[in-house]
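Being a predicted model, the structure only gives us computed values, none of them experimental. Along the sequence shown, residues carry numbers from 1.
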Amino acid sequence: TERVITNLANELSKYYEVYIVNLFENVSVYYVNKNVKKIFLHKEKRRLRYTIMNDVIRLHRFIKSKDISVIFSIGKSSVPLVAALAKMNTKARYVFCEHSTLECRVFQKTNVYRKLYAFMQQLVINKCSDKIITLTKKEKNNYIAKYSIDPNKIDYIYNFVDNGNSFAEKYNPKSKKIISVGRVSYEKGYEYLIKVASIVFAKHRD
């Protein structure tokens with residue numbers, strides 16, 4: 001998610017005034033263009049339950065003071081709720097970027113409290129977003145089917161990455177080693193790698 005945020009901010013900063021707003025102060029491990037301004041609502045990490053109203057007020061004041069046109073909220077966590085409340089009574093348009101899949105939620109172990117919070121969170125996203133962006137066309141259709149969302153309100157944009165120039169000197173294009181890095185969970189589709197490997201290794205035994 002952080003990589004997507006920095007890539008998106010860097011690209012948009014070529015044409016617009018862009019801010020990255022974090023709930024608490026931290027340093028990104030990814031390159032952030034100097035034109036992108038960083039804003040932190042807190043110096044240290046805090047529990048949202050104790051700071052949510054303060055966060056909403058601070059973000060609301062920031063949106064008004066900078067005359068923000070569009071708010072991108074990327075991923076779930078606490079951000080969609082704070083952003084949706086903070087944009088009220090402003091001219092800002094609210095775009096929620098879904099960064100997961102609806103299918104994988106079936107496999108998540110959770111309690112009643114988390115299920116209720118997830119339900120409320122999704123309700124806010126569906127009702128308050130001016131636009132919802134999913135990662136794939138399939139996920140867009142899943143959203144429409146499950147939540148009866150107007151198809152004009154939702155679209156999909158695949159993740160993009162930079163051109164990798166920062167790694168060019170270290171990369172050996174003749175290398176024949178393949179790795180996959182990620183958590184082992186349903187939505188990552190690691191079972192497909194086994195099928196892919198059988199095809200690749202049949203043609204390239206080295």
Closest contact, heavy atoms only, Ile74 versus Thr1: CG2-CG2, 3.6 Å

Proximity of Tyr158 and Tyr156 rings by center, below 6.0 Å: yes

Proximity of Phe62 and Tyr19 rings by center, below 6.0 Å: yes

Distance-only side-chain donor-acceptor flag, His60 / Asn89, under 3.5 Å: no

Verdict with supporting geometry, Lys131 and Phe96, side chain to side chain contact (heavy atoms under 4.5 Å, CB included): CA-CA 6 Å; Lys131 196 79 172 181; Phe96 172 72; over 6 Å; no

Minimum-distance pair of heavy atoms, taken over all atoms of Pro80 and Ile125: CB-CG1, 3.8 Å

Any side-chain donor near an acceptor of the partner, Asn126 and Gln122, under 3.5 Å: yes

Contacts of Ser175 that satisfy side chain to side chain contact (heavy atoms under 4.5 Å, CB included) - sequence neighbours left out: Asn172, Lys177

Name each donor-acceptor pair under 3.5 Å that joins a side chain in residues 27-34 to protein atoms two or more places apart or in another chain, with its distance.
residue : atom : partner : partner atom : Å
Ser28   : OG   : Glu2    : OE2          : 2.8
Ser28   : OG   : Tyr30   : N            : 3.0
Ser28   : OG   : Tyr30   : O            : 3.3
Asn33   : OD1  : Asn35   : N            : 2.7
Asn33   : OD1  : Asn35   : ND2          : 3.3

Residues Lys137, Asp155: salt bridge by 4.0 Å N-O rule: no

With Lys64 via salt bridge (Lys or Arg N to Asp or Glu O under 4.0 Å) - residues at least two apart: none

Asn22 (side chain) donor-acceptor with Phe40 (main chain) under 3.5 angstrom: no

Side chains of Val95 and Ile71 in contact at under 4.5 Å (non-hydrogen atoms): no

Any donor-acceptor pair under 3.5 Å from Ser129 side chain to Ile132 backbone: no

For Leu59 against Ala83, the heavy-atom pair lying closest together: CD2-CA, 4.0 Å

